[in-house]
Structure formats: structure tokens, C-alpha cells
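Residues take their numbers from the sequence shown, with the count starting at 1.
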Amino acid sequence: MPEFHPGDWVESAVDWLQKHLGWLFDFINTVLSGLFDAINAVLGGAEPLLLAGIFAVIAFWLRGLLAGVVAFVGFALIDTFGLWSEAMSTLSLVLAAAVITIVIAVPAGIWASRSKTVSAFVRPVLDVMQTMPAFVYLIPGVMFFSVGTTPGLLATIIFAMPPGVRMTELGIRQVDSELVEAAEAFGTQPKHTLTRVQLPLALPTIMAGINQVIMLALSMVVIAGMAGAPGLGERVYAAVTQVQVGLGVESGVAVVILAMYLDRMTGALNARVSPLGRRAAAKASAMMGRMRFARYKPGTAVALCGVVVLALVAGGMNIAGSGDEGKASAGTNVGKGQQLNMGYIPWDEGIATSYLWKEVLERRGFKPNLKQLDAGPLYTSLAQGQTDFQTDGWLPTTHKQYWDKYGSKMEKLGSWYGPTSLELTVPKYVKGIKSLEDLKGQGKKFKGKIIGIESSAGEMKILKDKVLKDYGLEGEYKVVASSTSSMLAELKRSIQKKEPVVVTLWSPHWAYNAYDLTKLDDPKGSFGKGENLYNVARKGFAEDQPTVAHWLKNFHLKEEQLTSLENKIQDAPKGEEQKAAADWLDEHKGFIDKMAPVPGGKKKQGKDAGKAVNVGYFPWDEAIATTYLWQNILEDRGYKPNVKQLDPGPLYTSLAQGQMDFQTDGWLPTTHEQYWKKYKDRLTDVGPWYGPTSLELSVPEYVKGIDSLEDLKGKSDKFDGKITGIESSAGEMKMLKKVLKDYGLDKEYKVVSSSTSSMLSAIDRSVKQKKPILTTTWSPHWVYSKYPMKKLDDPKGSWGKGDKIHVTAKKDFKKDFPELYGWLKDFHMSEDDLGSLEAAIQNGGKGKEKESARKWLDSRPGLIDKLAPVS
């Protein structure tokens, strides 16, 4: 039979939907996450014992005093486990999913009960929804919505829907047909027959269906923890992957308590809302006679008063306690409460560095959320921008498949460790096995198994696709996929029993310190060369969070530091990884300041702090960039800078008259020659900070056959006879007249004066329309990075030699500002630094130049001390 793979069609359909219906998925994501956030804000914001009291009052109202006491004890037990927040997140997920499911399921069940055609169509659909493995629902959820709340909710809704529809249809169909006929005989309209006869009588069955919806939702919410859904499911998944027995038991007990509470309460609710249920409850109470008090349940009004009082107290306590500012002190509060989403794969170095960074970021004033995921969902989440960064990117080999797929949507933030190695390992007591070649024919000794890690790990793919094949081990050995923690547990168990075992491992790893192991040589090099461990972030993270990105790029750990951190976390009680990382950080004094230096450090005051400084600039990009950079620096040093924009002529006149103190954009000796010749006796040349520059004419790269100024001859029709210029007062514009004359272009082309911004807008418009344009430009300029522009050669050298960019000041500047004069005289910028500063200001937008320069400066801790040193 020919192979048939409908899964390929599904993947193609998913790609098409992602591309064309992104708006719909954004809307669904907004609705689902918004509903969850609203419910979680209510449940998660209250004091645990007060909310437990509210749950107890509800149980007392529905089932009696004993049920209320048991409910309170159960929820108090969850709080003692330290799982209250997770339990409330899980309950929020269940309630959100149940609400949406019921809103859809009950009307669908009613429709199916009234139409045999609809019933026949719905039944097989429900069969598929109910029998499809629950894990499958997570896959499209992650692809469409990334990891987190939404895919978990969506999968839960689909999985829990069938019993709601089926039980609603069944309940209505089971209503005695004679009662329906009697209602119709008395002239009852169909909608009233449904609402006044069928639904009240079918309500017990419908409520049973709702009970099943809620219970299935709870079971699926736990599974959804694998896709990053918050709550107890996340903790259960962590316990499974890291073999944390204690955490698994505690999380499991918390799930059981929630399940029992929801089951009993929804079951008892039927007695309150159903006429048949109320009749049965009244009959049972009457039969108890004098013992009726034992089944006393408060009235709805009394119970509601109790709930309202407890809710008001809980809300008041929440407001009173809302002033917590976190761990960061005022001097180190870099983050100012900004939220960062971190992910990690449950590998030891990933766990260690992730909790280390979580602790460091909290101490620096950020609010990091840390989520455990498998490699596939984690890289998908990074590519979709839902996760900001992760610290355990094994490149170029182990995670190659993810980088190949998502590399264009992510960015590397530096390698912090390397090189590593991948290997197979056996205990040292296993004699005669020193190399991968020695495994040949020894399969029985190891029961034909190689104990692996997560199936999504790149090492597993390399092992299956290449290593086994290269050494002829296919068929003799089966690679057993599990998890890192399960592999380590199997290794420990085998060593305790002195049994042979072969496992996948890598270096560095604390297991080599804990056990006597033999790394199997790889003479054929099938595992490839050693890798580096990278910080990997979503696209645009460095631009959004330049300070954190700078920290990550400069982060490095030595093997001794990494293994000591891993051992510290291994020895800590389960669930206290961050505390262990904090203890390790405290033991290594000064490491946090090296790892995450506070931008600018302590604000050091300059010798002339308090003095007002008048800074002028004209609207050229390098002038805007450096002026606002120095405005921030001067404010940090205690000066009072006043910044004013002027054209070059008025600015030089103002400097000569002593009204302005300095400006950073003096193009000398050529571009601003006219101003320097006129005012040089009344100015100070503080010195150049960049150069050489160049002036030029440029055209888009798609304009073929024009590579030099000589090529412009006879081509004016192509450009409508125009050269788009900048400000008429600019020296370049005056020099352009000479250039055109030298090349015989002065009568063929007309120079149109405008402004720098207008010239750039004309380039943007022409490039988008693929139209020819000829403009005045200069280097350095970000235009060459943003647009496909090419500089026209100047074989006759008519533009002259490149200028240098100087800081020019008033005549007595050195005398009035000796400290600042020294800073500016030593000021220098590389082309990369200037380009990135200009780009940061461009991206920040109009009106935010100072803020953008501040952000750029903060992303380079220590730069201010280099540019403006204070003893």
C-alpha cells in the first residue's frame, strides 16, 4: 500500500491559518486570557484562609456543616503545602473553561435534542473530541497561541465539551412525551415548552453533565501544564520531569482536594436549582423528624451575607498589603517592576542558570516569571514572542533543528559557557567498555537499551539518526526516551545495584562529580564538535530591554562556578531552587555586581555640579544623538543642561556671542569651513570625536548603470532632472555646486533644497515604489543600513577629503567648565556605537530622543564612568 500522511496536510493547514487568520487567533487569545485573568485576579488576590472560609460557607450552604468544615480543612492543607497560588490558578482555569464550555454545550445539546439531523451530525464529532488523546489538543494550541494559558484553556474546552452536549440532549429527550404533548395541547409556545417543562425536568441530567464537564476540565488542566498552563499542572509536570516525589505527592493531593470539592458542590447544587432536587431534599429532611437539625443548611440570604462579609475583609486586606515593592532597593531598582517571561528546559545547567537569573532580576527590580517547558514548546514560544529569553541554547548542534526553523525570529545574546560535549556514559565498574565501538555485540549486557532524555532534545536526534548508524548499533540497541531526571534516577538506581547501564549524558554535568563514570570515546566524531551554551531571546528583546540584554551578553560562568551552583541546587530541598541560587549568590560576594551592574552605578556628582550648561544642535542625526546622550550624562553628573535646536548659521553665531556653551557636530575643515573662518577667533575647538566622514550623492541599488558621478551625465530624465538636497545652509549644499560644475552637471540637474527629514522621507517613498531618486547623503548615516542605497564614486575628488566631527564651544568654555572640557576633549565614538545610538533614537520616535538616549546609555553599564569620569 502507498504511504498516506494526512498529518502533512494538517501541518500545511496550520501554516495557512497562522498566516491568514492571525487576527482571529489574537481575538480568541484576548477573550480566553482575559477571562482567566479576571477570575484569577479575584481568587488569587485574596488572603488564603479567608478565601478558604468563603469556600467553606458555600459548602455549608450546599451540603451542611460537616461539608463546610471538611472544605475549610482541605483548602487550609493546600495553603500549608505552599501551593495556594497554583491551586487558585488551576481553579481559575477550570472555571474559565467550564463557563465557556457550558455556554456552548448546553445550547448545542438543546439543538441536537430538537433535530435528529443535528444529533446525527454532532454525535461523531463528539466521539472524536472525546476519544482523541488529550495531548494532541495541545499541539495546535501551542502553534496558534504559543505556550501559556490560552492553549491550555482551548484544549480543555474541546476535551470537556462532549459530556455537556450529550447529557443536555439526553435529559431533554428523556422528558415524558405526554407532558410535552399536554403543554402543547394547552397552547404553550415551543420556547415556553422548552423553558417551563423540558428544561426544569431535564435539569438533574443537565447538572450531571455540567459536573462531568468540570471534572474533565480539571483533569485536562493538569495535562495542559505541559504546554505552560499555570497552576498545579505545571508543578505536577515539574515533579514528573525532575523526579521530585514530594512535590508530586503534594501537588497530587491538592488536585484531589479541588476535584472532590468541585464534584460535591456541583452535585449538591442540583438540589438547590432543580425542582425535583428541592422536592427530594425536603422529603429527606422531613423524614428525619427531630434530628432535622443535623442536616441544617443556612438559607441563601444568610450564606450570601457570610460570603460578602468574608470577601470584603479579604479585599480590604489585599488593598492594605498592596504596597510591597519587592526585593530591589532604590539604588538597584533598574527594572521598576517590569515583567520578564523566562523559560527553561529541565536540564541541570538550564535549571541552575534560570533560577540564578530569576534571583538576580528580582534583586534588580524586575518581575520575572519562570516557566518549565520542553525544548520544542520553549523555542516555539520564543519565536512567537511569548517568552523573552532562555539560558540553555545548545548550539550549533543539539538545538540545531529549532534554530533552523525559528532562527529568524530569535536572537542570540552571547555564549556564556563552552565548549561542551555530548556523549554516552557507563559506570566505571562496567569493564571493557571505553568507546562507542566497544558497545558492538554487548547489547544483552545492557538489556538492549540506551537510557535517553527528552525525545525533543537534539542529542537524542543525533544519537538515533547518526551515532547508532555510524557504529553499527541499530537493531541491537533501543533508545528509551524519558527525561533528564528519569535518566539520572535510572543511573543512580543501577549504580546502587552495580548493574550495567548506558545513558546519554553531556559535559559539563554534576553527575561526573557525584558518580564514577566513563565517558565513551567517539573516535568517528559522530556526536560532532563541542558546543557553546547561549542565551537565546525573542526577536527584538535587545531593543526592548537593552540593559538586560547587555547583562546576558556579558554573562559567563566557569566550569567550577557552574558545577558548584548545580550542586547547591541539587542539595537543596525540592521546590527551593531559587533559594539555593540566592544562597550561592550570597556566598560569591560581588558576583551580582559583575553579572548585572547597575547602569551608571551610584550617581557621582561632577566638580561643577549645579552649573547650567547651554547646548545647541542642528537637526542632523549624529548631532541629535550625541546631544541627547550628553544631556543625560550631564544630568547624571549634577549639571543643569539646557538643549536648544538651531540651524548651523544661528548656532555658530550663538557660540561666538557666548549665548551657547558647546555643540557636538562641527564638521571640519570643510563642511562648516565658512562658519569657522568667520568666528574662529571667538570659538574653541575642543577636538574631534569621530572621523573621517564623507559627503556624497547616492541612488538606490536597483538603479542600474549609475555607480559614479560621471555616470549621471545625460541621465537627468531618469531622476526628473532633480537632486533632492537638505538644508540650504548646509556646507554640503554649497559644495554640491562645485561638484556639479566639475562633472558638467550644473545645467542638467536642479538641486532642490529641503531638510534632512524631507530628504529621508523622499528616499523612503521612492524605495517603496521602486522609483529612481538622487539625493545628497553623508557617512556615517543610518540611511545606508535601513535602505538599499549606494554611494556614487567621486573619481575627481570634488567632494574633498573627509571631515572629522568636532566638539566646538564658546571662547571661554575651558575656563568656565574645566571638568566638562576634559570629558569632551577625550570623547570618542566608534561607527558601530554611533550607528546603534542613532538607530535607538530613530526607533524611539519623535519627542522621545532623550528617553531613547537614556535607554541606550543604561544598556551599557560603565560607559558613563568612561565618558565622564569622576574621581
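Listed here is the closest heavy atom pair of Ile433 and Val426: O-CG2, 4.0 Å. Here the shortest heavy-atom pairing between Gly82 and Glu86 reads O-OE1, 3.8 Å. Ser435 and Pro523 make their closest contact through OG-CD, 3.6 Å (heavy atoms, listed as atom of the first residue, atom of the second, distance). Here the closest heavy-atom approach between residue Pro546 and residue Ser859 is recorded as CB-CB, 3.0 Å. Closest approach of Trp506 and Pro508 over heavy atoms only: CD1-O, 3.6 Å. When all heavy atoms of Ala352 and Glu566 are compared, the closest pair comes out as CB-CG, 3.9 Å.
The closest donor-acceptor contact from the side chain of Trp551 to the backbone of Pro597 lies under 3.5 Å. A donor-acceptor distance shorter than 3.5 angstrom exists from the side chain of Glu423 to the backbone of Ser507, with no hydrogens or angles considered. Counting only distance, with no hydrogens or angles, the side chain of Glu411 and the backbone of Ala542 share a donor-acceptor pair below 3.5 Å. For the pair Asn341 (side chain) and Asp388 (backbone), a donor-acceptor distance under 3.5 Å is absent. A distance-only check finds a donor-acceptor pair linking the side chain of Gln561 to the backbone of Lys558 [under 3.5 Å]. For the pair Thr387 (side chain) and Met342 (backbone), a donor-acceptor distance under 3.5 Å is absent. Asn843 contributes a side-chain N or O that, together with a main-chain N or O of Ala839, makes up a donor-acceptor pair within less than 3.5 Å.
In terms of the salt bridge (charged side-chain N to carboxylate O under 4.0 Å, His left out) criterion, Asp832 has no residue partners (sequence neighbours excluded). For Asp79, there are no side-chain hydrogen bond (donor to acceptor under 3.5 Å, both in side chains) partners, not counting sequence neighbours. Residues satisfying the salt bridge (charged side-chain N to carboxylate O under 4.0 Å, His left out) test with Lys336, not counting sequence neighbours, are none. Residues that satisfy the salt bridge (charged side-chain N to carboxylate O under 4.0 Å, His left out) test with Lys855, not counting sequence neighbours, are absent from this structure. Judged as a salt bridge (charged side-chain N to carboxylate O under 4.0 Å, His left out), and not counting sequence neighbours, Asp37 has no contacts.
We find the CG-CD1 distance between Leu370 and Ile351 to be 9.5 Å, quoted to the nearest 0.5 Å. How far OG1 of Thr504 is from CE of Met487: 5.0 Å, rounded to the nearest 0.5 Å. To the nearest 0.5 Å, atom CG of residue Leu340 and atom CD of residue Glu362 are 10.5 Å apart. To the nearest 0.5 Å, the span separating OG1 on Thr398 from CG on Leu533 amounts to 9.0 Å. Distance CD/Glu577 to CD/Gln570: 9.0 Å, rounded to 0.5 Å. Taken to the nearest 0.5 Å, the OG1 atom of Thr563 stands 12.0 Å off from the CD atom of Glu349.
A 4.5 Å side-chain heavy-atom check between Thr380 and Leu373 finds every atom pair outside the cut-off. Annotation: side chain of Gln545 is in contact with side chain of Phe366 (closest heavy-atom distance under 4.5 Å). You'll find the side chain of Phe527 stays beyond 4.5 Å of the side chain of Leu520, heavy atoms only. Residues Asp865 and Lys604 are in side-chain contact: their nearest non-hydrogen atoms beyond the backbone lie under 4.5 Å apart. In this structure, the side chains of Leu491 and Ser494 stay at 4.5 Å or more apart for every pair of heavy atoms. The shortest distance between side-chain heavy atoms of Val255 and Thr90 does not fall below 4.5 Å. At a threshold of 4.5 Å between non-hydrogen side-chain atoms, the residues Leu517 and Ile495 count as touching. Residues His399 and Asp392 are not in side-chain contact: their nearest non-hydrogen atoms beyond the backbone lie 4.5 Å or more apart.
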- Task: Begin from the C-alpha positions of Tyr344 and Thr353 and carry the test side-chain hydrogen bond (donor to acceptor under 3.5 Å, both in side chains) through to its verdict.
- Result: CA-CA 9 Å; Tyr344 73 96; Thr353 52; over 6 Å; no
- Message: Is there a side-chain contact (heavy atoms from CB on, under 4.5 Å) between Trp403 and Val536? Walk through the geometry before answering.
- Response: CA-CA 10 Å; Trp403 192 258; Val536 180; 3.9 Å; yes
- Message: Between Leu424 and Leu463, does the side-chain contact (heavy atoms from CB on, under 4.5 Å) criterion hold? Intermediate values first, please.
- Response: CA-CA 9 Å; Leu424 293 185; Leu463 176 60; 4.1 Å; yes
- Query: Given Trp856 and Leu863, is the side-chain contact (heavy atoms from CB on, under 4.5 Å) satisfied, shown in steps?
  - Reply: CA-CA 10 Å; Trp856 183 90; Leu863 181 60; 3.6 Å; yes
- Task: Decide yes or no on side-chain contact (heavy atoms from CB on, under 4.5 Å) for Leu552 and Trp357, but give the supporting numbers first.
- Result: CA-CA 9 Å; Leu552 290 168; Trp357 272 109; 3.6 Å; yes
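Applying the ring-ring contact (aromatic ring centres under 6.0 Å, His included) rule to pairs touching residues 414-447 yields Trp416-Phe555, sequence neighbours excluded. Within the structure, salt bridge (charged side-chain N to carboxylate O under 4.0 Å, His left out) pairs that include any residue of residues 435-444 do not occur (at least two apart or interchain). Residue pairs meeting the salt bridge (charged side-chain N to carboxylate O under 4.0 Å, His left out) criterion with at least one member in residues 482-508, sequence neighbours excluded, are Glu490-Arg493. For the salt bridge (charged side-chain N to carboxylate O under 4.0 Å, His left out) condition, the pairs that include at least one residue of residues 462-480, sequence neighbours left out, are Lys461-Asp465, Lys466-Asp470. For residues 505-531, no residue pair satisfies the salt bridge (charged side-chain N to carboxylate O under 4.0 Å, His left out) rule, not counting sequence neighbours. Sorted by first and then second residue, the ring-ring contact (aromatic ring centres under 6.0 Å, His included) pairs with a member in residues 465-494 form an empty list; sequence neighbours excluded. The list of ring-ring contact (aromatic ring centres under 6.0 Å, His included) pairs with a residue in residues 558-588, not counting sequence neighbours, reads Trp584-His588, Trp584-Phe591.
Salt bridge Asp593/Arg364: present, at least one basic N to carboxylate O contact under 4.0 Å.
Among Lys579, Lys568, Arg363, the single residue meeting the salt bridge (charged side-chain N to carboxylate O under 4.0 Å, His left out) criterion with Asp586 is Arg363.
Note: Phe389 and Phe541 have tilted aromatic rings, judged against thresholds of 30 and 60 degrees for the angle between ring planes.
Using modelled atom types and a 3.5 Å distance limit, the side chains of Tyr379 and Gln390 yield a donor-acceptor pair.
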